[in-house]
2 protein chains.
Amino acid sequence: MASTGFLSQEGENGRDDSDQSQNAPRAWCQAAQKMSGDLGSKLYALFNIGESEKTASASAKEVEGTTENCGCNKPCDCSKGNIDLSNLYSTDLLPASDGDQATMTFLQEVVDVMLAYIVKSFDRSTKVIDFHYPNELLEANNWELSDEPETLDDVLLNCRAALKYAIKTGHPRYFNQLSTGLDMVGLAAEWLTSTANTNMFTYEVAPVFVLLEYVTLRKMREIIGWPDGQGDGIFSPGGAISNMYAMLVARFKKFPEVKEKGVSSIPSLAAFTSEHSHFSIKKGAAALGIGTDSVICIKADERGKMMPSDLEKRIVEAKQKGLVPFFVSATAGTTVYGAFDPLITIADICKRHNVWMHVDGAWGGSLLMSRKHRGKLNGVERANSVTWNPHKMMSVPLQSSALLVREEGLLETCNQLHACYLFQKDKHYDLSYDTGDKALQCGRHVDIFKLWLMWRAKGTFGFEAQIDKCLELSEYLYNKIKDREGFELVFDGKPEHTNVCFWYLPPGIRYLEDKEEKRRRLHKVAPVIKTRMMEHGTTMVSYQPQGNKVNFFRMVISNPAATFQDIDFLIEEIERLGQDL
Amino acid sequence: MASTGFLSQEGENGRDDSDQSQNAPRAWCQAAQKMSGDLGSKLYALFNIGESEKTASASAKEVEGTTENCGCNKPCDCSKGNIDLSNLYSTDLLPASDGDQATMTFLQEVVDVMLAYIVKSFDRSTKVIDFHYPNELLEANNWELSDEPETLDDVLLNCRAALKYAIKTGHPRYFNQLSTGLDMVGLAAEWLTSTANTNMFTYEVAPVFVLLEYVTLRKMREIIGWPDGQGDGIFSPGGAISNMYAMLVARFKKFPEVKEKGVSSIPSLAAFTSEHSHFSIKKGAAALGIGTDSVICIKADERGKMMPSDLEKRIVEAKQKGLVPFFVSATAGTTVYGAFDPLITIADICKRHNVWMHVDGAWGGSLLMSRKHRGKLNGVERANSVTWNPHKMMSVPLQSSALLVREEGLLETCNQLHACYLFQKDKHYDLSYDTGDKALQCGRHVDIFKLWLMWRAKGTFGFEAQIDKCLELSEYLYNKIKDREGFELVFDGKPEHTNVCFWYLPPGIRYLEDKEEKRRRLHKVAPVIKTRMMEHGTTMVSYQPQGNKVNFFRMVISNPAATFQDIDFLIEEIERLGQDL
């Protein structure tokens, strides 16, 4: 068994040892018995993925004692107990003839591992992360690929190992990224999407998903405020690519000859975005052959909002230098401060100078779902294109990113190449549903079903409630720390999004008079606290410097699982881990 | 119930009517009883997703008759039967307090729907597709998004509907795309990936997956033949993006200033690829600001292989025109003919002219896993970059596409932008594992686990066996039709890959003497047969014209579920559906 080394070493995950593993009762029949009552803790006992402090082996033995046949504590004729995965290989699974029972057993085992992980993810007594340094993880285990196959039992061990070392991104105290949380309906939809295992290029191979993308994009455009939801759009593999699409389409709109003739055939371009904007704007400019130097960074005010006066000044300057301003990317919800650029004023400027207005709402776009907060995006309806990532604030599983374009047909004319082996023109159905030629990708992953299904399950009002709650939590955090000793906000004023940026000053630094020494030492505080958070596994929050500001914490809340108590915990944990610094 | 309209209309999917649906027994405890014996057919009866000719309702009633408590046919204390999803909403699921039982019930129901679908997918008596025209599908059902939530029961109805109308891409008679098949280990890995729900940008948030990507890419480079597997690489959202990466890196290698200064600052470029190559080369050139006119199409011979003499001639011509040849994309496995360009000769030419050699092995790269067939890619080790999509010939779930680059570090220098809020430089672990700045994407979906887990489960030898078998099937098809009346091959000679391209000439066309009339009528044959295939739902094969050749079938085999009998079926089905034309 090539992979035994994985788990036996630590004795705290998977099944405790391999003998026990092979005797251990499995099966849904047995699971049903145990799931009544205190389901969560019994799941730990049963599947025993986790920390050694759980009373795992005791409970497992208790279960074994009463086992007959398949492992349930009653006589039954279930044949599940007869399937021994330690003698089976992937070739015994479907499509092997008679592979259905082995397949059901194997997949159900995987499901059981996942269900246990899910329940643990929401349990605050579980670590957010069981952290190991890269060399430890690489050297301590055998992750190598070889010529020979493993048994299905070993495959399951691999599954357990992968989850053991994974970050619990659904954990109520995981605040590290803009995308957090684990939505049960979204997850179910992702499982189903994988099961359907198809591709978005044509209606022929993805009839339902193509229609659902159509329905959902139209709904999103309605919410943006475009009349009757008209326009166009596409789900892309992430906000950076959505922003790149926007820049690509904006360039094509102004100079359609660029598609055939390239950038050398058109005047020199200039794009504009605030100094607080996401790095994908520059990355896109580099890739598209425009060059990062052509992205002109506009000053932001101390709240991180683009200053429109500087935008207009720089547009005028660019024109004077013979450049053609073609693209302004305003940000609705900056990555660090959560700032919303003043969209109405920016729209006026774009109109005046005939420049494409893009709104990068990857992070903040979801506030459009909230009647209370959508005013922060006033003016978005005047944009030519909008990036909106439901995988962030709407907690849709990764990835779910949409680019919405106001002018219909532009995406297609910009990107299509009419490959006749994919987009035959003599098919028997309405070809307007073969949307694949809009995309830069050929094969495109089905990202739509999870968003659509969650929307059906929650309704727009459900998303709204979820978003409003996260914003309420961030206001609670802001109120808690604004006058708390040892905490200092990076900028004044209530958060507009859920971003709360702050320093924690340990007592040893708090009263230092030497400003430079204080800055120097403060810069090291957040990285050390973050290290300790990860080593303890109690919580995770991001930190970074910004401009001349030394390292500070950027707290964001997008996880519907978080509560007021989790915010309290975070503050106290930072104090606990940082007080000696 | 907003979504009732979905299913009630046809009465042949989901549960037959909504009353029955609510009374129908559910639960894993019950499932266990029924899965012994003839599992497949009992699953149909139980979950009843499918064609009305199945004896679904009879069996379902039989089950109901013996139901106590949870629905299993024995007395049991399982509490599953008490959970009624028709009264529950997504807000009753985790992270709701006490949401664990509802969550388990709901997720297990979804799993049951999927398991039934999976078993059906491999059943030849099931349709490949239950086809509906777009307007039928749009108008007949309610797919709209609304403000109010649905019950979890309705959510399940949506799941059933999505699968009902989906293509069974794992079906042994689904030959429509280069990516077919449904691998059970790969599927399990995808479910697990969704459950882990994280992002590839840093080791911090995806420790295991980042390491597995590292291990797998190195292994793939070893197989390509680069010394010690050295080099670089990234998994990208599909072959088109992998090819775009290659072009981007090639440009950067020759003119690194292009990143800041753009294409206008460098000489005019020329890229070269065969007339049979994938459209993504031109699409990439358009996006990267190079322009499609700069992609020079090289003649292919009648087997679809690039003609090296023409390549060299065109490179010389381009230089004479003052263009800088910077990129040759050779194809290993063309989309339509499955042709392999002569890589060794192309490598010599690229060396002579100092041009980056890319091999687009999206389709054919997987033949490197076969000792018998890898010789078709001789010379690939001399490439500067290689695209290789395990989601095609290795049947890894969508998407799994790698770009491999021979020179280490180039991807990172080309794409990095050092965003300090994501790639902090003062972290506590080895930062070389924070690979996110190599990517064009910011967030990047975890595409690695499925490939890695399948590789562990099968071993390299298992992939080899799978690939060899598909090639054997295509040779069988070739041998069967090469002298069969009514069939004509598009090009002579045994297939190099699994592509077999042919016309079917119905009796009414077969003996026509007027060549033009014959061509004209033959052009319409494949579309009509394809339409009938879809309407009958029996099989699916692609067709297209190419150059001056009228519509022909392009048969490809990448599905390990296919057998010799399925090939026989395909031929007879084409004859059956086309004989009257």
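In what follows, chains are A, B, ... by sequence order, proteins preceding strands, each numbered from 1. Reckoned from all heavy atoms, side chains included, excluding hydrogens, waters and symmetry mates.
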Out of curiosity, [X] [atom1] to [Y] [atom2], how far, rounded to the nearest 0.5 Å?
X: B/Y203; Y: A/H132; atom1: OH; atom2: NE2; value: 8.5 Å
X: B/H445; Y: A/Q399; atom1: NE2; atom2: CD; value: 6.5 Å
X: B/S280; Y: A/L440; atom1: OG; atom2: CG; value: 10.5 Å
X: B/I290; Y: A/K259; atom1: CD1; atom2: NZ; value: 15.5 Å
X: A/K261; Y: B/S268; atom1: NZ; atom2: OG; value: 11.5 Å
X: A/D430; Y: B/L138; atom1: CG; atom2: CG; value: 9.5 Å

Are side-chain N/O atoms of A/S146 and B/W455 paired as donor and acceptor at under 3.5 Å?
-> no
Using a distance-only test with no angle check, is there a side-chain donor-acceptor pair under 3.5 angstrom linking B/N551 and A/D426?
-> yes
Between [X] and chain A, which part of the residue has a heavy atom less than 4.5 Å away: side chain, backbone, both or neither?
X: B/I241; answer: side chain
X: B/L288; answer: both
X: B/T216; answer: both

Most chain A-contacting option - heavy-atom pairs closer than 4.5 Å, from B/Y433, B/W191, B/Y543 | B/W191
Of B/R444, B/E144, B/M244, B/K524, the largest count of non-hydrogen pairs under 4.5 angstrom with chain A goes to B/E144
Decide, yes or no, whether a salt bridge links A/K530 with B/E204 under the criterion of side-chain N to carboxylate O below 4.0 Å.
-> yes
Closest non-hydrogen atom pair, [X] against [Y]:
X: A/A286; Y: B/R251; value: O-NH2, 3.4 Å
X: B/A206; Y: A/I167; value: N-CG1, 4.5 Å
X: A/S194; Y: B/S194; value: OG-OG, 4.4 Å

Within the side chain of [X], is there an N or O that forms a donor-acceptor pair under 3.5 Å with the backbone of [Y]?
X: B/T195; Y: A/L187; result: no
X: A/W143; Y: B/W452; result: no
X: B/K219; Y: A/L145; result: yes
X: B/Q441; Y: A/P237; result: yes

In terms of the angle between their ring planes, are B/H428 and A/F131 parallel, tilted or perpendicular, with boundaries placed at 30° and 60°?
-> tilted
